[in-house]
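Computed from heavy atoms alone, side chains included, the values below leave out hydrogens, waters and symmetry copies. This one's a predicted model, so the numbers in the text were calculated from it and none came from an experiment. So that the names make sense, note that chain A is the first sequence line, chain B the second, and so on, each numbered from 1.
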Amino acid sequence: MTTAYISEISKYEGQDVTLKGWLYNKRSSGKIKFIILRDGTGLIQAVAVKGEIEDKYFDLIEELTQESSLAVTGTIREDKRSPWGYEMTLKSLEVVHIAEEYPISLKEHGTSFLMDNRHLWLRSEGQRHVLRIRHEIIQSIRQFYYERGFTLIDSPILTPASVEGTSTLFETDYFDGKAYLSQSGQLYLEPAIAAFGKVYCFGPTFRAEKSKTRRHLQEFWMVEPEVAFNDHEDNIKLAEEFVSYIVAWVLEKCGRELDALERDKTKLEKVKAPFGRVTYTDAVERLKKEGIEIEWGDDFGAEHETVIGSWFETPVVIEKYPAKIKPFYMQPDAENPDLVANMDVIAPEGYGEIIGGSQRDHDLERLKKKVIAQGLPLESYEWYLDVRRYGSVPHAGFGLGIERTVAWLSGSKHIRETIPYPRMLYRLYP
RNA sequence: UCCCCAGUAGCUCAAUCGGUAGAGCAUUCGGCUGUUAACCGACAGGUUGGCGGUUCAAGUCCGUCCUGGGGAGCCA
């Protein structure tokens with residue numbers, strides 16, 4: 001007997017096949033029973049009619065509980081009554097395991113309950129769709145940098161100190177000393193550009209900030225490219241092409257998932273480079289004109305970002321922030337030394353900042369001064385400063401948050417659904 | 001760290017002015033030959049998050065703690 005997957009069931013029309021999976025739901029009407037099977041690739045209904053199937057199999061259906069694992073064998077046929085197009089006429093079934101009473105019913109549940117049962121919630125259709133989109137986004141990222149000749153440089157997760165010296169870090173014992181979980185791979189990437197020219201890293205990052213919003217996780221994944229000889233404009237261009245590539249890939253590969261999630265695809269179809277662009281200074285002026293409280297020199301809050309995002313249909317690039325609110329490693333703007341050559345990309349529809357990046361300062365003496373001025377221990381950064389001692393070149397890069405990108409493209413209301421096992425404030429289980 | 005909201009059956013929720021704690025789903029049992037979160041009938045299921053207070057009487061009011069949710073700040 002051929003064993004098949006539900007996703008390829010149309011190939012087997014008129015044939016007998018075996019499908020292996022879990023019981024999604026069952027219904028009974030006395031002499032006719034329906035079971036819905038899921039196998040990780042899709043759903044299908046199998047029908048058993050009393051008298052047309054051996055009684056021992058017909059009676060066995062009665063014992064099946066939600067999420068019991070089983071193998072069903074029968075004939076595949078097209079059926080207009082099925083929402084999936086095909087159905088199986090059941091001939092026999094084999095129980096692998098009768099599931100205990102399953103906590104997640106087909107009815108409504110609260111977030112807290114579902115998060116306690118995250119390991120089971122993963123089986124639900126909506127969660128599967130979002131995580132399939134995450135999977136394709138990651139695949140598109142790998143492909144984008146592979147096609148462009150970037151080399152993957154994995155940055156360490158255990159690090160001796162803070163990258164920016166500001167955010168709170170998770171601390172852990174490291175034999176006789178302390179280590180910290182990485183909050184960015186950037187500092188480790190910069191030396192690598194002198195070895196490979198174009199590099200990127202992609203891995204988990206950790207922030208011990210007590211953030212508790214739908215846009216924050218304590219552990220999240222970030223992809224960070226870094227390119228030798230790229231300036232501010234090159235950096236923006238790379239970011240725009242990168243995001244456009246991801247969106248086009250997801251539209252091509254995940255149409256079914258986007259439809260199932262009722263994501264408005266027309267909004268994603270507008271995401272093409274170049275994006276909307278505004279300088280920090282212009283954005284502040286326009287916000288003021290719209291009656292929103294802000295002063296030049298303030299950093300943008302969530303509300304500001306949402307308003308700025310609403311000015312464009314594409315994502316928007318905000319560039320050239322005041323130097324005093326940005327980290328030491330950013331290159332000063334060529335025309336105004338109070339500004340830095342940085343850029344953030346804000347996703348539309350209120351999904352917030354998905355990219356933050358800059359051209360990096362490649363002047364040794366100026367960088368040293370800024371390290372000292374920000375109260376950071378110079379000796380910890382000597383290795384990093386070496387990038388500016390041995391053939392220093394202009395270079396630029398940025399970081400893109402995977403979960404925020406997944407949330408945006410999938411239309412998820414909360415970032416916790418965009419990663420299989422979210423690590424959140426006050427939630428480390430399961 | 002701060003602000004707001006919520007904890008009642010396994011799950012989702014009701015309970016009027018403070019007056020005997022209720023429904024749907026799930027489970028169990030019975031019925032039904034095309035169901036789509038099937039439907040119909042029945043059984044069972046409770047120290048109303050903890051502690052203290054007010055009251056003749058507290059799920060309900062007050063205090064406090066715990067847990068969870070949303071947001072701010074910070075960031076991706």
Side-chain angles (χ1 to χ4, degrees), chain A residues 24-36 43-53 58 61-62 65-67 79-84 87 89 99-117 120-121 124-125 163-164 166-169 183-186 202 204-224 239 243 298-306 325-327 344-347 351-357 398-408 413-416 418-419 424-427 429:
Chain A
Y24 178 76
N25 198 7
K26 68 171 180 180
R27 300 182 191 89
S28 166
S29 198
K31 300 288 188 291
I32 183 166
K33 291 181 193 293
F34 305 90
I35 63 178
I36 298 176
L43 294 163
I44 194 166
Q45 178 166 266
V47 187
V49 178
K50 179 93 171 168
E52 295 176 19
I53 183 174
F58 190 82
I61 293 171
E62 200 56 42
T65 54
Q66 188 186 357
E67 290 302 314
D79 195 310
K80 283 176 189 159
R81 289 169 294 193
S82 165
W84 307 292
E87 230 175 42
T89 301
E100 293 178 28
E101 189 177 335
Y102 192 65
I104 301 178
S105 73
L106 268 32
K107 299 272 179 178
E108 291 172 82
H109 294 285
T111 304
S112 181
F113 175 79
L114 289 169
M115 288 309 304
D116 285 341
N117 291 285
L120 302 176
W121 193 20
S124 300
E125 282 298 285
V163 169
E164 299 176 12
T166 53
S167 304
T168 319
L169 297 172
Q183 61 169 349
S184 168
Q186 182 200 324
F202 186 19
T205 52
F206 307 86
R207 305 275 165 96
E209 292 149 358
K210 292 197 170 180
S211 303
K212 192 171 158 57
T213 81
R214 73 184 70 193
R215 296 183 309 281
H216 289 88
L217 293 170
Q218 270 49 55
E219 174 181 322
F220 66 97
W221 284 63
M222 187 157 66
V223 54
E224 297 171 89
V243 172
D298 294 344
D299 209 348
F300 294 130
E303 186 202 343
H304 301 125
E305 285 181 358
T306 301
I325 57 171
K326 287 293 169 184
D344 285 350
V345 178
I346 310 296
Y351 282 95
E353 186 179 338
I354 52 169
I355 282 179
F398 58 83
L400 174 132
I402 299 306
E403 288 76 16
R404 286 188 183 174
T405 304
V406 177
W408 166 40
K413 288 190 180 69
H414 200 298
I415 198 168
R416 68 185 152 217
T418 65
I419 186 167
M424 298 183 298
L425 193 60
Y426 309 130
R427 191 176 276 286
Y429 174 95

Practice problem: Please report, rounded to the nearest Å, how far the P atom of U28(B) is from the CD atom of E62(A). | Solution: 9 Å
Quiz prompt | Rounded C1' spacing from G22(B) to G63(B) in Å | solution = 30 Å
Quiz item: What's the spacing between T306(A) OG1 and Y351(A) OH if we round to 0.5 Å?
Solution: 11.5 Å
Exercise. Would you indicate, yes or no, if C40(B) has its OP1 or OP2 atom less than 4.0 angstrom from a side-chain nitrogen or oxygen of R27(A)?
Key: no
Quiz item: Within this structure, what is the CZ-to-C1' distance between F58(A) and U33(B), rounded to whole angstrom?
Solution: 9 Å
Exercise. Looking at every strand, decide which applies to D344(A) at a 4.0 Å heavy-atom threshold: base, sugar-phosphate, or nothing.
Key: nothing
Quiz prompt | Assigned glycosidic conformation for C51(B) [threshold 90° from 0] | solution = anti
Exercise. Considering only atom C1', compute the distance from G69(B) to A37(B) and round it to an integer number of Å.
Key: 25 Å
Exercise. Sequence neighbours left out, what passes ring-ring contact (aromatic ring centres under 6.0 Å, His included) with H216(A)? Give chain and number order.
Key: none
Practice problem: State which of U33(B), A76(B), G69(B) makes the closest approach to the side chain of V49(A). | Solution: U33(B)
Exercise. Show your working on side-chain contact (heavy atoms from CB on, under 4.5 Å) between V243(A) and L400(A) and close with a plain yes or no.
Key: CA-CA 9 Å; V243(A) 172; L400(A) 174 132; 4.0 Å; yes
Quiz item: Does A76(B) have F220(A) stacked on its base, where the ring centres are within less than 5.5 Å and the planes differ by under 30°?
Solution: yes
Exercise. Looking only at non-hydrogen atoms, find the nearest pair between A347(A) and I354(A) and report the distance.
Key: CB-CG2, 3.9 Å
Quiz item: Between C74(B), G73(B), A76(B), which nucleotide gets closest to the side-chain atoms of A302(A)?
Solution: G73(B)
Quiz item: If we take the P atom in both A21(B) and U48(B), what is their distance in whole Å?
Solution: 10 Å
Quiz item: In whole Å, what separates the C1' atom of C43(B) from that of G31(B)?
Solution: 15 Å
Exercise. Using only side-chain N and O atoms of R427(A), determine if any of them is under 4.0 Å from OP1 or OP2 of G69(B).
Key: yes
Exercise. Send over the distance from L425(A) CG to C2(B) C1', rounded to a whole Å.
Key: 13 Å
Exercise. Kindly write out the residues that satisfy salt bridge (charged side-chain N to carboxylate O under 4.0 Å, His left out) with E403(A), not counting sequence neighbours, or none if the list is empty.
Key: R134(A)
Self-check item: Interatomic spacing from OG1 in T89(A) to CD in Q45(A) - rounded to 0.5 Å
Solution: 10.5 Å
Practice problem: For I61(A) and U35(B), give me the distance from atom CD1 to atom C1', rounded to whole Å. | Solution: 13 Å
Practice problem: Could you tell me whether S29(A) contacts a base, only the sugar-phosphate backbone, or nothing, with contacts defined as non-hydrogen atoms closer than 4.0 Å? | Solution: base
When you compare the protein's N or O atoms with those of nucleotides 3-11 of chain B, which come within less than 3.5 Å of each other, and at what distance?
{"unit_1": "C11(B)", "atom_1": "O2'", "unit_2": "E108(A)", "atom_2": "O", "d": "3.3"}
{"unit_1": "C11(B)", "atom_1": "O2'", "unit_2": "H109(A)", "atom_2": "ND1", "d": "2.5"}

Quiz prompt | Distance between C1' atoms of C17(B) and G30(B) (Å, rounded) | solution = 44 Å
Quiz item: Rounding to the closest angstrom, what is the interatomic distance between G45(B) and G10(B) at atom C1'?
Solution: 9 Å
Quiz item: Reckon Q45(A) touches a base, only the sugar-phosphate, or nothing at all at heavy-atom distances under 4.0 Å?
Solution: base
Practice problem: Between A9(B) and U47(B), how far apart are the P atoms? Round to whole Å, please. | Solution: 9 Å
Quiz item: How close or far is atom C1' of G68(B) from atom CG of L114(A), stated in whole angstroms?
Solution: 13 Å
Quiz item: Given U35(B), A76(B), G70(B), which nucleotide is nearest the side-chain atoms of R404(A)?
Solution: A76(B)
Quiz item: Going by the salt bridge (Lys or Arg N to Asp or Glu O under 4.0 Å) test, which pairs reach into residues 25-36 of chain A, not counting sequence neighbours?
Solution: K33(A)-E62(A)
Practice problem: Please report the shortest heavy-atom distance between D79(A) and R81(A), naming the atom on each side. | Solution: OD1-N, 2.8 Å
Quiz item: What nucleic acid atoms does Y102(A) come within less than 4.0 Å of, heavy atoms only: base, sugar-phosphate, or nothing?
Solution: nothing
Quiz item: Hey, does G352(A) reach any base, or is it just sugar-phosphate, or nothing, if we go heavy atoms under 4.0 Å?
Solution: nothing
Quiz item: A76(B), G68(B), A72(B): which one has an atom nearest the side-chain heavy atoms of I415(A)?
Solution: A76(B)
Exercise. Answer with base, sugar-phosphate or nothing: what part of the nucleic acid does S28(A) contact at a heavy-atom distance below 4.0 Å?
Key: base
Self-check item: Atom C1', compared across G59(B) and G41(B): separation rounded to whole Å
Solution: 31 Å
Exercise. Answer yes or no: is there a side-chain heavy-atom contact under 4.5 Å between I415(A) and R404(A)?
Key: yes
Practice problem: Name the residue closer to the 5' end of RNA chain B, choosing between L400(A) and V47(A) according to the nucleotide with the nearest heavy atom. | Solution: V47(A)
Self-check item: Integer-rounded Å distance: G34(B) P and E52(A) CD
Solution: 12 Å
Quiz item: Would you say R207(A) and F220(A) make side-chain contact, with heavy atoms under 4.5 Å?
Solution: yes
Quiz item: Residues two or more places apart in sequence or in another chain: which of them pass side chain to side chain contact (heavy atoms under 4.5 Å, CB included) with R416(A)?
Solution: T111(A), M115(A), H414(A), P422(A), M424(A)
Quiz item: Would you say the side chain of S211(A) and the base of C74(B) hold a donor-acceptor pair, judged only by whether the two atoms sit under 3.5 Å apart?
Solution: yes
Quiz item: What is the nucleic acid contact for K212(A), judged by heavy atoms within less than 4.0 Å: base, sugar-phosphate only, or nothing?
Solution: base
Practice problem: To the nearest 0.5 angstrom, please state how far the CG atom of L217(A) sits from the CZ atom of R427(A). | Solution: 12.5 Å
Practice problem: Look at all strands and tell whether I355(A) reaches a base, only sugar-phosphate, or nothing, counting heavy atoms closer than 4.0 Å. | Solution: sugar-phosphate
Self-check item: Watson-Crick and G-U pairing of RNA chain B, under 3.5 Å, as dot-bracket with | and [ ]
Solution: (((((((..((((.....[..))))..((((.......))))......(((((..]....))))))))))))....
Practice problem: May I ask you to say what E87(A) touches in the nucleic acid, namely base, sugar-phosphate or nothing, with a heavy-atom cut-off under 4.0 Å? | Solution: base
Quiz item: When the distance from CZ of R81(A) to C1' of U35(B) is rounded to whole Å, what number comes out?
Solution: 10 Å
Exercise. Dump the intermediate steps for side-chain contact (heavy atoms from CB on, under 4.5 Å) on V406(A) and W221(A), then the final yes or no.
Key: CA-CA 11 Å; V406(A) 177; W221(A) 284 63; over 6 Å; no
Exercise. Check the distance between A72(B)'s P and H216(A)'s NE2 and give it to me in whole angstrom.
Key: 8 Å
